[in-house]
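First listed ligand is number 1; within each ligand, the first listed atom is number 1. All values below were derived from every heavy atom in this structure, side-chain atoms included, with hydrogens, water molecules and symmetry-related copies excluded.
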Amino acid sequence: MDLSRAERKLDHIRHALGHERDVYNHFDDIDIVHQSFTSLNFDKLHLTTHVGELNLSSPIFVNAMTGGGGEQTLNINKDLARAASETGISMAVGSQMAAIKDPAERPSYQVVRQENPNGIVFANVGSEATLNQALTAVDMVDANGLQIHLNTLQELIMPEGDRDFSTRLNNIQDIVSSIDLPVIVKEVGYGMSKEAIRHLHSIGVRYIDVGGRGGTNFSKVENMRRQRPFASFDNWGIPTTFSLLEARNVRKELDLHVLGSGGIRHGLDGAKALVLGASSFGMAGTLLKILLEQGYDQLIDEIHHIHKEIKIVMMLTDSAKVSELSESPYVLYGKLKEWESQRV
Ligand code: FNR
């Protein structure tokens with residue numbers, strides 16, 4: 001294993017978890033309307049739901065983070081996968097591009113399937129991946145779906161990042177039309193506009209993870225590694241709730257499954273994403289930080305706690321199923337309200 005690559009991976013994780021979070025949190029700009037009467041029994045509520053053709057026992061998924069890079073990343077993925085299996089949540093592996101090119105990098109991805117043989121696992125590639133590379137990624141973890149990440153700004157800020165994005169839409173189109181599994185196109189923390197979503201839909205994409213701003217911020221992460229940072233882009237991007245409103249607007253006309261992620265801190269944020277129309281929500285930085293700083297048992301405890309928080313919101317909105325949350329009334333404030341009035 002190339003040691004400097006392993007160190008770079010860990011450094012990246014440290015920066016991703018350690019950077020300063022925004023003081024303003026867009027999830028605070030939405031309130032779900034409380035309903036005093038409920039017809040439900042908390043102990044009989046279940047969290048099963050579906051995203052298109054995927055049947056899930058929980059609306060939570062561990063979003064793509066790591067893999068490759070040595071023993072520590074292998075252990076992180078092993079623990080995340082065990083936790084996913086124990087709590088019934090889905091999990092995406094980190095970008096598999098290096099492992100597609102070098103089989104020595106594969107064990108830390110394959111461990112995710114070994115630890116969770118019956119769970120829902122998503123493969124992950126960048127939009128530079130060709131169809132063959134995407135198939136290798138799916139095969140590597142026997143995936144139930146494939147995430148393709150879009151991270152233009154991150155690449156542009158990275159000194160060694162990609163500069164030519166001219167073939168990417170063709171790659172996505174090729175993959176979506178050839179792979180017979182859900183293909184989820186995701187952002188990594190900059191959010192998706194309705195224009196981007198429509199464009200992706202026009203080339204066949206039916207699953208979108210809006211991946212909005214508000215949590216892990218790759219401009220800040222990459223700027224830490226630059227001598228001359230592009231700090232002016234630290235606040236670039238569409239916050240998750242704003243992006244969910246964009247997606248909700250587009251979904252009125254298009255056949256589309258929306259997932260929400262980016263800056264989800266707890267179950268109430270997750271429930272707000274579901275109320276705004278996401279059928280599932282992803283958490284990356286929050287869960288990894290708990291695992292690394294507090295350990296495996298605390299991570300399990302946290303996921304159970306998030307499940308309870310979602311059930312409490314179901315009680316308080318009289319939603320018998322997770323999917324009914326999207327019919328709950330809500331009120332928007334501040335920047336989120338302004339965004340809605342100008343954009344959707
Ligand atoms: C990520 N993310 C990510 N996304 C992706 O599609 N492929 C990847 O390889 C990675 N790698 C990665 C590493 C680390 C350490 C973190 C914290 C995150 C992005 C991740 O899936 C998610 O989109 C963002 O982190 C936003 O969600 P949170 O962290 O705010 O919940």
Side-chain angles (χ1 to χ4, degrees), residues 8-22 25-27 60-69 72-73 76-77 80 89-100 105 108-109 112 122-129 134 137 141 143 145-155 158 161 172 183-192 207-222 224-225 237-241 243-244 259-267 269-270 273 278 280-293 302-303 306:
R8 265 207 322 273
K9 283 253 169 195
L10 294 175
D11 230 34
H12 201 245
I13 291 175
R14 275 192 288 272
H15 289 325
L17 301 185
H19 72 72
E20 212 171 84
R21 275 9 194 203
D22 296 347
N25 193 293
H26 50 89
F27 279 104
I60 309 175
F61 61 99
V62 182
N63 218 343
M65 284 186 281
T66 198
Q72 275 160 298
T73 41
I76 291 173
N77 268 351
L80 290 173
I89 68 177
S90 322
M91 173 174 171
V93 297
S95 177
Q96 292 166 266
M97 289 310 285
I100 290 166
E105 301 266 351
S108 61
Y109 297 94
V112 169
F122 301 122
N124 183 288
V125 293
S127 52
E128 72 277 23
V141 293
L146 170 72
Q147 290 185 330
I148 303 179
H149 63 260
L150 305 176
N151 63 341
T152 312
L153 180 54
Q154 183 189 9
E155 295 287 347
M158 276 197 293
I172 296 174
V183 176
I184 304 162
V185 179
K186 75 179 282 266
E187 254 288 356
V188 298
Y190 299 108
M192 278 200 213
Y207 295 81
I208 297 278
D209 175 355
V210 299
R213 196 179 99 202
T216 307
N217 180 325
F218 280 103
S219 304
K220 289 185 183 171
V221 173
E222 301 303 341
M224 285 183 206
R225 300 166 55 218
I238 309 172
T240 304
T241 49
S243 194
L244 284 170
L259 299 90
S261 71
I264 294 180
R265 298 163 294 181
H266 41 57
D269 283 351
S280 169
F281 65 88
M283 299 175 74
T286 303
L287 297 181
L288 185 58
K289 202 172 163 70
I290 293 171
L291 175 65
L292 296 185
E293 294 178 1
E302 184 67 23
I303 297 168
I306 296 170

Identify, with sequence neighbours excluded, every residue that meets ring-ring contact (aromatic ring centres under 6.0 Å, His included) alongside His19.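 By the ring-ring contact (aromatic ring centres under 6.0 Å, His included) rule, His19 matches no residue at all.
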If you count only heavy atoms, which residues are under 4.0 Å from ligand 1?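 The 4.0 Å shell around ligand 1 contains Ile13, Ala16, Asn63, Ala64, Met65, Gly94, Ser95, Asn124, His149, Lys186, Glu187, Val188, Gly215, Thr216, Phe218, Gly262, Gly263, Met283, Ala284, Gly285.
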Which residues share a salt bridge (charged side-chain N to carboxylate O under 4.0 Å, His left out) with Arg14, sequence neighbours left out: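 Salt bridge (charged side-chain N to carboxylate O under 4.0 Å, His left out) list for Arg14, sorted by chain: Asp11.
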Residues forming a salt bridge (charged side-chain N to carboxylate O under 4.0 Å, His left out) with Glu222, sequence neighbours excluded: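 Salt bridge (charged side-chain N to carboxylate O under 4.0 Å, His left out) check on Glu222 returns Arg225.
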Using side-chain contact (heavy atoms from CB on, under 4.5 Å), reason through Tyr190 and Ile238 one step at a time and then give a plain yes or no. CA-CA 5 Å; Tyr190 299 108; Ile238 309 172; over 6 Å; no
So among Asn124, Ile208, Asn151, Val210, which one has a side-chain contact (heavy atoms from CB on, under 4.5 Å) with Lys186?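 With Lys186 as partner, Asn124, Ile208, Asn151, Val210 yield a single side-chain contact (heavy atoms from CB on, under 4.5 Å), made by Asn124.
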Donor-acceptor check, side chain of Lys9 to backbone of Gly67, threshold 3.5 angstrom: yes or no?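 Pair found, side chain donor or acceptor close to backbone of Gly67.
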